[in-house]
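Beneath this line is the structure, given in structure tokens, with notes to follow.
We count residues from 1, following the sequence as given. As the structure lists them, so they are numbered: ligands from 1, and atoms in each ligand from 1. Nothing here was measured: the structure is a model prediction, and the numbers come from that model.
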Amino acid sequence: MKPDTPLLDKVRIPADLRMLDESALPQLAAELRAELIDAVSQTGGHLGAGLGVVELTVALHYVFNTPDDRLIWDVGHQAYPHKILTGRRDRIRTLRQEGGLSGFTRRAESEYDPFGAAHSSTSISAGLGMAMARDLSGGRNNVISVIGDGSMSAGMAFEALNNAGALDARLIVILNDNDMSIAPPTGAMSAYLARLASGKAYLGLRDFGKKLTSYLGKRADRAITRAVEHARGYVTGGTLFEELGFYHIGPIDGHNLEHLIPVLKNVRDNGKGPVLIHVVTQKGKGYAPAEAAADKYHGVNKFDVITGAQAKAPANAPAYTKVFAETLIQEAREDDRIVAITAAMPSGTGLDLFGEVFPKRTFDVGIAEQHAVTFAAGLATEGYKPFAAIYSTFLQRAYDQVVHDVAIQKLPVRFPIDRAGFVGADGATHCGAFDTTFLASLPGFVVMAAADEAELRHMVRTAASYDDGPIAFRYPRGNGVGVDMPERGSVLEIGKGRILKEGAKVALLSFGTRLQDCLVAAEELGAAGLSTTVADARFAKPLDEDLIRRLARSHEVLVTVEEGAIGGFAAQVLHFLAREGLLESGLKVRPLVLPDAFTDHAKPEKMYADAGLDAAGIVRTVFATLGHGAQAQRA
Ligand SMILES: Cc1ncc(C[n+]2csc(CCOP(=O)(O)OP(=O)(O)O)c2C)c(N)n1
Ligand SMILES: CC(=O)[C@@H](O)[C@H](O)COP(=O)(O)O
Ligand SMILES: [Mg+2]
């Protein structure tokens, strides 16, 4: 049953909210929280972060004149309450569903989303750009960037703070400190924030008064003093943020509207240069199952609102992530030089399991993909075997480190690349589309893709035993296909693929888990009288040149199939065929890749079908290539 929300029902956009009396806001926040819980219980998605910013969201839209004042949410996973208050409540139960609202902020979705996000730590840079644009054009609007403590650990956030302090731009940064990333945060910065939040490093009241007056002028409201006093201390002096040129206010209780609103109003009306307001919140606030959970319900499946129990689809095969983790543990028992690195994704990458067995050999470096890669490179220089487990999409952020610090120096860093291909509900920002393209173009890189969970096990072992340079292996989100698992992985011969089914007319050359669809497609093609070979390339680099030569010479049609963007495996194959003159004897080649577009969220199977990368799509491609128009249409 939908929650009763009489006050929220009157608020379609923030202008409606601003008509309310301040005394009504706690009720509005309570209704907003109930609506959020109910909506996410039906859609699944990121819940804990949004629960933690309900009051902050209400206060920001109450005090600031959004959308003229620009409100930028870092990552955007906490922006569901913001969506409900900004004209999207009628679609909130379509979150992350095909055709529905995005799970992140998105410019195309609303004028209240001035900047799209999903990858972290971009909000201060974007906000600073907007603030400078405003100043250049003589505008007067406010720019507010809200960034979490986890996201604050990334280098990019500090690059922006550094720049903002020097420019002395009027920018408001709200540090939403809930002492959580996806997992509990790690690192010295997190410990520093905890010290600030606990009030240990705070000024006396008199110094605090002086500081405020210097920033806000004589009109500094006594309410600010009260708000900060009520938190655990007084405004800080000599903090890192102040040294970087920010006025630093806080900590403030981010769930107390009586404290938040006067502080925000004062900053809105009186501030000059950059200001950082340190707001302390609780991830999962106000929903008991979330508050009690270790991950504070960071990301959830659909769930029962009363019990908090999440829906779990029965699985016939283990998740790729788990197979990776268990295999790495197995290999690490044999080789004590194996170490593992994650950039704030211990559970997502499976390295939480590795960390339970090998705590000293596991490094969670925080949201810091660039550092993670160069840190791994450093470990490799000393003879260790680092596995830098980073989702395909997040590895994009560390590309120069991959090129400059790893590949050029031929360092044997191992890159397990999870979430390769479509990821579903997280949509285009998280799609693992580009890694094959950007890695296989690097000299000396070995790039593999697992066709199933047994192959993944072989690839972990292969990577562990390969010391000649960088090596990557990609695998998708979700479960394997249920193949028999070998007790231990085998060491694969580098640059050698395998043939699974011999045919004569059509060759399907797969790179990755579309192999299953190729096998089904081959059956259908066979039934239609088209004898079909199915091969698993295993390697995009180095290519199995003998295999490709053979397929090209003995078949009429060669279809390559991969879960990656244009420029990846197919490009490597086509380049090879062209170089060898194998395209000059009538061979018909068709590369099947992800669409050359940023594909919106939907169910992965649907996305693959739409992209023509399922069995039916492969069959259609073959028929169309051979001019079997009617059959192509039926497939
Ligand atoms: C560059 C990048 N790396 C990793 C992630 C995955 N990720 C999403 S949210 C999150 C934790 C963010 O912590 P914080 O900013 O404190 O927000 P909270 O969830 O605590 O509100 C992580 C690691 C990401 N979105 N972007
Ligand atoms: C917001 C974010 O970047 C992560 O929470 C991401 O949504 C996790 O994705 P997985 O569920 O695939 O681990
Ligand atoms: Mg946090």
Minimum-distance protein heavy atom relative to [atom]:
atom                    : answer
atom 9 (S) of ligand 1  : His298 CE1, 3.7 Å
atom 23 (C) of ligand 1 : Ile367 CD1, 3.4 Å
atom 3 (O) of ligand 2  : His430 NE2, 2.6 Å
atom 21 (O) of ligand 1 : Asn178 ND2, 3.1 Å
atom 15 (O) of ligand 1 : Ser151 OG, 2.6 Å
atom 5 (C) of ligand 1  : Phe394 CZ, 3.3 Å
atom 11 (C) of ligand 1 : Ser181 OG, 3.3 Å
atom 25 (N) of ligand 1 : Ala118 O, 2.8 Å
atom 3 (N) of ligand 1  : Glu369 OE2, 2.6 Å
atom 5 (O) of ligand 2  : His298 NE2, 2.7 Å
atom 13 (O) of ligand 2 : Tyr391 OH, 2.6 Å

Once you restrict to heavy atoms under 4.0 Å, what part of [X] touches ligand 1? Side chain, backbone, both or neither.
X      : answer
Gln78  : neither
Ala154 : neither
Ile182 : both
Asp149 : both

Give the ring-plane orientation class for Phe241 versus Tyr192, where under 30° counts as parallel, over 60° as perpendicular and anything between as tilted.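 Taking Tyr192 first and then Phe241, their aromatic rings sit tilted (interplane angle of 30° to 60°).
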Look at the rings of His61 and His82 and say which category their plane angle falls in: under 30° parallel, 30 to 60° tilted, over 60° perpendicular.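 If you compare the ring of His61 with that of His82, the planes turn out parallel.
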Would you find a donor on one side and an acceptor on the other, under 3.5 Å apart, between the side chain of [X] and the backbone of [Y]?
X      : Y      : answer
Ser153 : Ile367 : yes
Glu291 : Gly286 : yes
His255 : Val54  : no
Asn301 : Gly44  : no

Taking the Mg ion (ligand 3) as the vertex, what is the angle from O of Met180 to OD1 of Asn178, given to 10 degrees?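 For O of Met180 and OD1 of Asn178, the angle centred on the Mg ion (ligand 3) reads 90°.
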Ligand 1 and [X], any nitrogen or oxygen pair closer than 3.5 angstrom?
X      : value
Lys283 : yes
His119 : no
Gly150 : yes
Met180 : yes
Asn176 : no
Ala49  : no
Ser120 : yes

Enumerate the atoms of ligand 1 whose separation from the nearest heavy atom of [X] is less than 4.0 angstrom.
X      : answer
Ala344 : 23 (C)
Gly148 : 14 (P), 15 (O), 16 (O)
Arg397 : 1 (C)

Contacting atoms of ligand 2, where contact means under 4.0 angstrom from a heavy atom of [X]:
X      : answer
Ile182 : 5 (O)
Arg477 : 10 (P), 11 (O), 12 (O)
His46  : 1 (C), 2 (C), 4 (C), 5 (O), 6 (C), 7 (O)
Phe104 : 1 (C)
Arg419 : 10 (P), 12 (O), 13 (O)
Phe394 : 3 (O)

When rounded to the nearest 0.5 angstrom, what is the spacing between CD in Glu563 and CG in Leu515?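 Answer for the CD-CG pair, Glu563 versus Leu515, is 10.0 Å.
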How long is the straight-line distance from CE of Met607 back to CG of Leu613, given to the nearest 0.5 Å?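 Leu613 CG to Met607 CE: 11.5 Å, rounded to 0.5 Å.
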Would you please test Arg419 and Thr393 for side-chain contact (heavy atoms from CB on, under 4.5 Å) and show each step? CA-CA 8 Å; Arg419 290 359 180 229; Thr393 189; 5.9 Å; no
Could Arg514 and Tyr608 be counted as a cation-pi pair, given that NZ or CZ must be under 6.0 Å from the ring centre and within 45° of the axis?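 Verdict for Tyr608: a cation-pi partner in Arg514.
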If you measure from each heavy atom of Asp426 to ligand 2, is any distance below 4.0 Å?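 The answer is yes: ligand 2 sits under 4.0 Å from a heavy atom of Asp426.
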Would you say the side chains of Thr43 and Gln97 form a donor-acceptor pair under 3.5 Å?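 No, Gln97 and Thr43 have no side-chain donor paired with an acceptor closer than 3.5 Å.
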Donor-acceptor pair between Thr349 and Asp418 side chains, under 3.5 angstrom: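 Not at all, the side chains of Thr349 and Asp418 share no donor-acceptor pair under 3.5 Å.
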Does a side-chain N-to-carboxylate-O contact under 4.0 Å join [X] and [Y]?
X      : Y      : result
Glu55  : Lys285 : no
Asp426 : Arg96  : yes
Arg93  : Asp38  : yes

Min side-chain heavy-atom separation Lys83-Trp73 under 4.5 Å: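 Counting from C-beta outward, Lys83 and Trp73 never come under 4.5 Å.
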Do you know the tightest heavy-atom contact between His119 and Thr429?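 So the minimum-distance heavy-atom pair works out to NE2-O, 2.9 Å.
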Least distance between heavy atoms, Ser441 atom then Tyr399 atom: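 Heavy atoms only, the tightest pair is OG-OH, 3.8 Å.
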Closest Asp149 atom to the Mg ion (ligand 3) [N, O or S only]: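 It is OD1, the N, O or S atom of Asp149 closest to the Mg ion (ligand 3).
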I'd like to know if the Mg ion (ligand 3) has an N/O/S atom from Asp179 within less than 2.8 Å of it, counting both backbone and side-chain atoms.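 It does not; every qualifying atom lies at 2.8 Å or beyond.
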With respect to His77, determine whether any N or O atom, backbone or side chain, lies less than 3.5 Å from an N or O atom of ligand 2.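 Such a contact does not occur with ligand 2.
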Ring centers of Tyr287, Phe303 separated by less than 6.0 Å: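 Close enough - the centres of the two rings lie under 6.0 Å apart.
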Have a look at His430 and tell me which of Phe394, Tyr391, Phe422 forms a ring-ring contact (aromatic ring centres under 6.0 Å, His included) with it.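 So, applying the ring-ring contact (aromatic ring centres under 6.0 Å, His included) to His430 and each of Phe394, Tyr391, Phe422, only Phe394 qualifies.
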